[in-house]
Amino acid sequence: MAEEGEFPADLRWQGACGEASINTRLEDGRAICIRTVSPEDEGRLRTGIARMSPRSRYLRFFSGGASPPDWVIERLLDVDGVLHLAWGAIDLSDPAQPAMGVVHAMRPDAGDPVAEFSVGVVDEYHGLGLGRLLTATLLLDARGRLEALSAHVLAENDAARGFIRRLGAQHVGQDGPQAEYRLEIGPALERLRMECEPPGVADVFAYFDALAAG
């Protein structure tokens, strides 16, 4: 039997994950991995978006259609680790290993200190701390490369606005129904490191601390 806090061997490396992934658990104890997104994830991405409710798709993509246009899917999968950072979470408790959520940071130029931030979570995983885990992962990946993230959120999306404000984001503009927020990476990470909920946040910090230590 695995020691407390460790994952059984049959959960640690299932096909969707690997040594470069972050293994942790959600607030309900479900085993997950978080890893970078690649073009090979197109099927998981499309299936995950289809599993979102029309309301969630509208709040994330500003459209309630069953799927975004192909060019949007291609853009979400075009991850190079410089202009576009993206991490996804996979449910290891489900034999199908479905995508649970994805977080992105995109910028037009490598010298731009601010990137556009977005996060989406499939409805059945709402309320389990996954959005915070994904955001912590992205912030740590962007640390040292970016100064801040910019997020455009529909004014009616109270949950998203409350979430990003709790991380210290400031409202910097309004374009019709879209509110723009700026999230400074350093202060946001300081807030997250002091928090103990969800417990998986500590695993995310430990992963990047180990990378930094070499």
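Keep in mind that what you see is a predicted model, and the values were worked out from it rather than measured.
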Non-hydrogen atoms of [X] and [Y] that approach each other most closely:
X      : Y      : value
Ala115 : Leu146 : CB-CD1, 3.7 Å
Gly131 : Phe163 : O-CZ, 3.8 Å
Glu27  : Gly127 : OE1-O, 3.7 Å
Ala188 : Leu139 : CB-CD1, 3.9 Å
Val37  : Trp87  : CG2-C, 3.8 Å
Ala142 : Ile185 : CB-CD1, 3.8 Å

Mind checking the [atom1]-[atom2] spacing from [X] to [Y]? Nearest 0.5 Å is all I need.
X      : Y      : atom1 : atom2 : answer
Leu138 : Leu133 : CG    : CG    : 13.0 Å
Ile49  : Leu45  : CD1   : CG    : 4.0 Å
Leu183 : Leu149 : CG    : CG    : 5.5 Å
Leu140 : Tyr207 : CG    : OH    : 11.0 Å
Thr24  : Leu92  : OG1   : CG    : 10.5 Å
Leu134 : His104 : CG    : NE2   : 10.0 Å

Report task. Verify whether one side chain among Glu180 and His171 offers a donor that lies under 3.5 Å from an acceptor in the other. Result ->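 Distance-only check fails for Glu180 and His171.
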
Query raised in the report: Quick one: do the Tyr125 and Asp91 side chains pair a donor with an acceptor below 3.5 Å?
Result: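 A donor-acceptor contact under 3.5 Å links the two side chains.
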
Query - Worked check of salt bridge (Lys or Arg N to Asp or Glu O under 4.0 Å) between Arg193 and Asp209 - result: CA-CA 12 Å; Arg193 194 181 280 276; Asp209 287 344; 3.3 Å; yes

Query - Worked check of side-chain contact (heavy atoms from CB on, under 4.5 Å) between Val201 and Arg132 - result: CA-CA 8 Å; Val201 168; Arg132 187 167 291 263; 4.2 Å; yes

Query - Derivation and outcome, salt bridge (Lys or Arg N to Asp or Glu O under 4.0 Å), residues Glu156 and Arg55 - result: CA-CA 11 Å; Glu156 64 191 270; Arg55 175 66 175 170; 2.8 Å; yes

Strictly below 4.0 Å, N to O, side chains only: are [X] and [Y] in salt-bridge contact?
X      : Y      : answer
Arg44  : Glu42  : no
Arg161 : Asp158 : yes
Asp41  : Arg46  : no

**Report entry** Test side-chain contact (heavy atoms from CB on, under 4.5 Å) applied to Val153 and Gln178, step by step
**Finding:** CA-CA 5 Å; Val153 183; Gln178 294 185 37; over 6 Å; no

Tell me whether [X] at atom [atom1] has more than 12 heavy atoms from other residues, nucleotides or ligands lying less than 6.0 Å away.
X      : atom1 : value
Glu124 : CD    : yes
Arg165 : CZ    : yes
Asp80  : CG    : yes

Query - Verdict with reasoning, Arg60 to Met52, per side-chain contact (heavy atoms from CB on, under 4.5 Å) - result: CA-CA 10 Å; Arg60 167 61 182 88; Met52 296 172 73; 4.2 Å; yes

Query raised in the report: Does any N or O in the side chain of Asp123 come within less than 3.5 Å of the main-chain N or O of Ser53, such that one atom is a donor and the other an acceptor?
Result: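 Flag set: sc Asp123 to bb Ser53 pair under 3.5 Å.
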
Report task. Please report the C-alpha distance between Cys17 and Gln97 in whole Å, then the side-chain angles of each, then the deciding distance to 0.1 Å, and finally whether the side-chain contact (heavy atoms from CB on, under 4.5 Å) criterion is met. Result -> CA-CA 9 Å; Cys17 301; Gln97 300 178 349; over 6 Å; no

Report task. Among His84, His152, Arg107, find the one that has a side chain to side chain contact (heavy atoms under 4.5 Å, CB included) with Glu116. Result ->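 Result for side chain to side chain contact (heavy atoms under 4.5 Å, CB included) with Glu116: His152.
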
